[in-house]
K.L.:
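Have a look at this one before I ask anything.
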Protein chains: 2
Amino acid sequence: MSKKQLIMESALELFAKQGFEATSVQQITEHAGISKGAFYLSFKSKDELIIGLIDHFMLEFISDIDHVVKNHDNDKNLLNEFYKTAFHSFQKHSDFAKIFIKEQSQTVNEELISKMHHYDKLIDKIILGMLERLYGEEVIYTKYDLIYCVKGFMHTYSQLFLFFNVPLDLHLLSQSLAEKTSLLAKYAETTFITEELYKTLNETLNEKVTKAQILEIIEQKIEEIDEPTESESLVLLKEHIKEPNLSPAIVKGLLSNLKDHSRCKQVSYLLRNYLEL
Amino acid sequence: MSKKQLIMESALELFAKQGFEATSVQQITEHAGISKGAFYLSFKSKDELIIGLIDHFMLEFISDIDHVVKNHDNDKNLLNEFYKTAFHSFQKHSDFAKIFIKEQSQTVNEELISKMHHYDKLIDKIILGMLERLYGEEVIYTKYDLIYCVKGFMHTYSQLFLFFNVPLDLHLLSQSLAEKTSLLAKYAETTFITEELYKTLNETLNEKVTKAQILEIIEQKIEEIDEPTESESLVLLKEHIKEPNLSPAIVKGLLSNLKDHSRCKQVSYLLRNYLEL
DNA sequence: TATACTAATGACTGATTGGTCATTTGTCAA
DNA sequence: TTGACAAATGACCAATCAGTCATTAGTATA
């Protein structure tokens, strides 16, 4: 494990327990068994660390639910699978989920706030796509409102397994929320969040991932990954992004090499978005 | 205005903007135009201040919605009035609402956590009473689940006017949520939070379960369960709790016998908590 | 073994924290 | 005007913070 990963894991645990502000760099380095100086060899600052954590896990979460919505072929079960995937991800990375909920609107750091909004919008987009696919014209006026209901459900119910250590039947939970969502989609008529209001709320942020950002993420992944296929695919794609030199078919093939690798699928998602595929 | 009130108002503003941890006593006293020493004449510590704030506003909020539920005589409009009152209160005390959402699960302070749980339970009770009054037998199995839906709606939609400064039509919002709640109450069937799960959650929140309580729960389960493995495991664990006589490995094994049985996993959870495993 | 280079250390800095307390200021009645 | 007492002050404390950097340890090459 790289030092960077070691630090991130230690920090994750402490941030989840105490919150970001209340956790000192000293505590993190002691918990990781390294010196304070070593921390600053991996991260320029404490802020850079939390942003790294947010990026890492949010990308994984988003690529997970995006994958389900894009590739699940049984519409009847899609809602169910969506919730199951989301909650499974929360449970798997419960320390991160705690941090995410805690720092969601509590931070002072400007960059972090816009990061959060950015990811929130990506989630919105995925939920919206799902609702459109499932209900089409039926929800044309209510879909923006429904996004908030879905997120409301996810928030309240996720508290259950995040902050009370209760064993829960995620399958039943997903089924229950799928039923509720479906009921609202089919019968709710009084919409509060219209398309216009939704657009107004979100017009604040509209930034794409920059070339530099995506290159940095790929480089980080290359160091992290040992498997030759994935590693080589990443190197080739990195060069292609610096200066396009591969045919669409090759790019697509390389991306599919990454799609099913658990630690590469989020970068695969980012690349698909960046290359507009 | 008393010095105490002056300090509370200044702190409210700063906590809402920056969070509790990130706001220093110095900042508060400067903002209030008093000396640092004067702060400690009114409050024994910074923690006492935040607890005072939580108490003050939560009591007002809770008495507001309780009053609506208890005294509103037109059942047809009750849901609507409930949401309107809640959101009106959020809007009127938006600084406090921000603090409440931010610190809800982020704080380290033990007293504050139990305060929060206490008020959360009071809110639950009010919502539950409202649902029972409106739908009676109809929601006998779904009402605990519905509490979480109502709170989910309140949480997501309140973010809108708390963190985006957009003028919103609270009347329409309340109407929309009342319709949604009513739909779920009438048609939702797949309940996730059963009465038993709800009670389990709230028991663990409270002070620790006592030995007598846990023994009683186990005895009740033993009578309820027919399967020999689960039943025998319960009997052995009961003896172990009366007087510890089993090795950690055996205890762990017995608990895992219970974990996957749908009607035993709650008691398994309680035991794990009680035995601090 | 000698050299060159990177990785890692932890004592240190200056700033800030929550909280204290000797001192000053303000307000009374006598 | 004086004395008594409460209200208010802010310099001060030890602890802790994020971040730095001269120094050392470890490793690879010649």
Side-chain angles (χ1 to χ4, degrees), chain A residues 1-55 99 102-103 106-113 115 219-220 222-224 226, chain B residues 1-55 99 102-103 106-113 115:
Chain A
M1 195 188 331
S2 74
K3 193 127 289 182
K4 214 162 176 167
Q5 274 177 284
L6 174 70
I7 294 170
M8 283 172 90
E9 278 181 26
S10 286
L12 197 63
E13 209 176 301
L14 294 168
F15 287 167
K17 219 185 296 173
Q18 312 170 341
F20 175 70
E21 295 271 1
T23 303
S24 69
V25 174
Q26 189 109 289
Q27 278 178 287
I28 297 167
T29 57
E30 270 168 24
H31 191 267
I34 60 169
S35 69
K36 207 168 171 186
F39 175 93
Y40 286 94
L41 292 177
S42 293
F43 295 93
K44 277 211 286 285
S45 68
K46 197 182 157 193
D47 278 1
E48 196 188 271
L49 166 63
I50 183 92
I51 284 171
L53 283 171
I54 300 275
D55 276 339
I99 297 171
K102 284 176 183 173
E103 311 297 330
Q106 106 93 41
T107 180
V108 197
N109 184 314
E110 274 299 323
E111 192 183 348
L112 196 44
I113 289 178
K115 270 263 147 70
E219 272 160 28
Q220 212 173 316
I222 290 173
E223 281 182 32
E224 188 187 319
D226 296 324
Chain B
M1 194 189 329
S2 77
K3 194 128 288 181
K4 216 163 175 164
Q5 270 178 288
L6 175 69
I7 293 170
M8 283 172 89
E9 278 182 25
S10 286
L12 197 64
E13 208 175 304
L14 293 168
F15 288 166
K17 220 186 291 172
Q18 311 169 343
F20 174 69
E21 296 271 2
T23 303
S24 68
V25 174
Q26 189 109 297
Q27 279 178 287
I28 297 167
T29 57
E30 271 169 22
H31 190 266
I34 60 168
S35 71
K36 207 169 169 187
F39 174 92
Y40 287 94
L41 292 177
S42 293
F43 295 93
K44 276 213 286 286
S45 66
K46 196 183 158 193
D47 278 2
E48 198 188 89
L49 166 62
I50 183 94
I51 285 171
L53 284 171
I54 300 276
D55 275 340
I99 295 171
K102 284 177 182 174
E103 311 298 330
Q106 107 92 41
T107 180
V108 198
N109 185 312
E110 274 298 324
E111 194 185 347
L112 194 45
I113 289 178
K115 270 263 148 71

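Below, each value reflects all heavy atoms present in this structure, side chains not excepted, and no hydrogens, waters or symmetry copies. Just so it is clear, the model here is predicted, and its values are computed rather than measured. Naming convention: chains lettered A, B, ... in sequence-line order (proteins, then strands); numbering from 1 in each chain.
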K.L.:
Students often get this wrong, so: under 4.0 angstrom with heavy atoms, is Lys36(A) touching a base, only sugar-phosphate, or nothing?
P.N.:
base
K.L.:
Find the distance Ile28(A):CD1 to dC17(D):P and express it as a whole number of Å.
P.N.:
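Whole-Å distance recorded here is 10 Å.
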K.L.:
To the nearest Å, how far apart are Ile34(A) CD1 and dG19(D) P?
P.N.:
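Between P of dG19(D) and CD1 of Ile34(A): 15 Å.
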K.L.:
Specify the residue among Val25(A) and Gly37(A) whose closest nucleotide of DNA chain D lies further upstream toward the 5′ end.
P.N.:
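Here Val25(A) is the residue nearer the 5' end.
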K.L.:
For Phe43(A) and dT20(D), give me the distance from atom CZ to atom C1', rounded to whole Å.
P.N.:
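To the nearest whole Å, that distance equals 18 Å.
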K.L.:
Over all strands shown, is Thr29(A) touching base, sugar-phosphate only, or nothing at heavy-atom distances under 4.0 angstrom?
P.N.:
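No contact.
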K.L.:
Distance check needed: dG18(C) C1' versus Phe39(B) CZ, whole Å only.
P.N.:
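Distance, rounded to whole Å: 9 Å.
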K.L.:
Which nucleotide in the set dA8(D), dT20(C), dG19(D) lies at the smallest distance from any side-chain heavy atom of Ser35(B)?
P.N.:
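Looking only at heavy atoms from C-beta outward on Ser35(B), the closest nucleotide is dA8(D).
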K.L.:
Check Glu21(A) against Lys46(A) and note the closest heavy-atom contact, atom names and distance.
P.N.:
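Residues Glu21(A) and Lys46(A), closest heavy atoms: O-NZ, 3.8 Å.
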K.L.:
What is the separation between atom NZ on Lys46(B) and atom C1' on dT20(C), rounded to the nearest whole Å?
P.N.:
17 Å
K.L.:
Please name all residues satisfying ring pair (Phe, Tyr, Trp, His ring centres under 6.0 Å) with Phe39(A), sequence neighbours left out, ordered by chain then number.
P.N.:
Phe43(A)
K.L.:
Provide, to the nearest angstrom, the distance between the CG atom belonging to Leu41(B) and the C1' atom belonging to dT24(C).
P.N.:
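Checked: the CG to C1' distance equals 14 Å.
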K.L.:
Within the 4.0 Å heavy-atom criterion, would you say Thr23(B) contacts the bases, only the backbone, or no part of the nucleic acid?
P.N.:
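Answer is sugar-phosphate: Thr23(B) comes under 4.0 Å of backbone atoms only.
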K.L.:
Could you tell me whether the side chain of Ile7(B) reaches within less than 4.5 Å of the side chain of Ile34(B), counting heavy atoms only?
P.N.:
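Ile34(B) vs Ile7(B): side chains touch.
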K.L.:
I'd like to know if the side chain of Lys44(B) and the backbone of Leu49(B) have a donor-acceptor N/O pair within less than 3.5 Å.
P.N.:
no
K.L.:
dT20(D) P sits how many Å from Gln26(A) CD, rounded?
P.N.:
15 Å
K.L.:
Think Lys3(A) has a side-chain N or O under 4.0 angstrom from the OP1 or OP2 of dA8(C)?
P.N.:
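True: Lys3(A) side-chain N/O within range (under 4.0 Å) of dA8(C) OP1/OP2.
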K.L.:
Any side-chain N or O of Ser24(B) under 4.0 Å from OP1/OP2 of dT16(C)?
P.N.:
no
K.L.:
Taking the side chain as every heavy atom from C-beta outward, state whether Lys3(A) and Leu41(A) have any pair of such atoms under 4.5 Å apart.
P.N.:
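The answer is no, as the side chains (C-beta and beyond) never meet within the 4.5 Å cut-off.
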K.L.:
Can you figure out which of dG18(C), dT9(C), dG19(D) approaches the side chain of Ala38(A) most closely?
P.N.:
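So the nucleotide nearest the side chain must be dT9(C).
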K.L.:
In whole angstrom, give the distance that lies between atom CD of Glu21(B) and atom P of dA18(D).
P.N.:
12 Å
